[in-house]
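Scroll down for the structure; my scribbles are underneath it.
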Amino acid sequence: DRLIPFEIKLHTTPGKRDAKTLYSCMEDLGINSAYLIYPGQEDYSLGDGVTALAAEKLLGDPKRLSKL
């Protein structure tokens, strides 16, 4: 029922600059949150509505997608 933008990066510690296309997408679509999936261990905020999600955690528990 809603759009959820995702971007996948191979960088082990992505930062805000790595999510510039997500920020642009959010602005263009009027969306408040987006997710950058990366091969690290922990989820963390990149600020301004973008969250870095650890791929291992996300793929290990697909039900997490429904909670985003």
Side-chain angles (χ1 to χ4, degrees):
D1 294 337
R2 62 189 174 112
L3 296 174
I4 303 173
F6 285 92
E7 185 170 355
I8 298 170
K9 295 286 187 181
L10 294 177
H11 194 296
T12 57
T13 55
K16 194 167 185 167
R17 281 191 299 187
D18 297 306
K20 62 184 174 183
T21 56
L22 276 177
Y23 291 113
S24 178
C25 175
M26 291 167 63
E27 185 177 331
D28 290 348
L29 297 175
I31 296 171
N32 296 324
S33 60
Y35 301 91
L36 189 147
I37 300 171
Y38 81 110
Q41 299 295 317
E42 299 297 324
D43 300 346
Y44 61 93
S45 174
L46 295 175
D48 299 318
V50 175
T51 302
L53 297 177
E56 184 177 329
K57 285 183 177 181
L58 186 62
L59 296 174
D61 183 11
K63 291 180 184 178
R64 287 185 72 200
L65 287 172
S66 66
K67 298 175 186 175
L68 298 179

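Heavy-atom basis, side chains included; hydrogens, waters and symmetry copies ignored.
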So which atom in [X] and which in [Y] form the shortest heavy-atom distance, rounded to 0.1 Å?
{"X": "Asp18", "Y": "Glu7", "answer": "O-OE2, 4.1 Å"}
{"X": "Ala54", "Y": "Asp43", "answer": "N-OD1, 2.9 Å"}
{"X": "Ile37", "Y": "Phe6", "answer": "CD1-CD2, 3.4 Å"}
{"X": "Tyr44", "Y": "Pro14", "answer": "OH-O, 2.6 Å"}

Any side-chain heavy-atom pair of [X] and [Y] under 4.5 Å:
{"X": "Leu53", "Y": "Arg64", "result": "yes"}
{"X": "Pro5", "Y": "Tyr23", "result": "no"}
{"X": "Val50", "Y": "Met26", "result": "yes"}

Item checked: Stepwise side chain to side chain contact (heavy atoms under 4.5 Å, CB included) check, Glu42 with Lys57 -> CA-CA 8 Å; Glu42 299 297 324; Lys57 285 183 177 181; 3.3 Å; yes
Notebook entry, point to check: Above 12 or not: heavy atoms from other molecules or residues under 6.0 Å from CG of Asp28?
Noted result: yes
What is the distance from atom [atom1] of [X] to atom [atom2] of [Y], rounded to the nearest 0.5 Å?
{"X": "Ser33", "Y": "Leu3", "atom1": "OG", "atom2": "CG", "value": "10.5 Å"}
{"X": "Leu46", "Y": "Thr51", "atom1": "CG", "atom2": "OG1", "value": "7.5 Å"}
{"X": "Asp48", "Y": "Glu27", "atom1": "CG", "atom2": "CD", "value": "11.0 Å"}

Item checked: hydrophobic_cluster_shared for Leu59 and Leu10, side chain cutoff 4.5 Å -> no
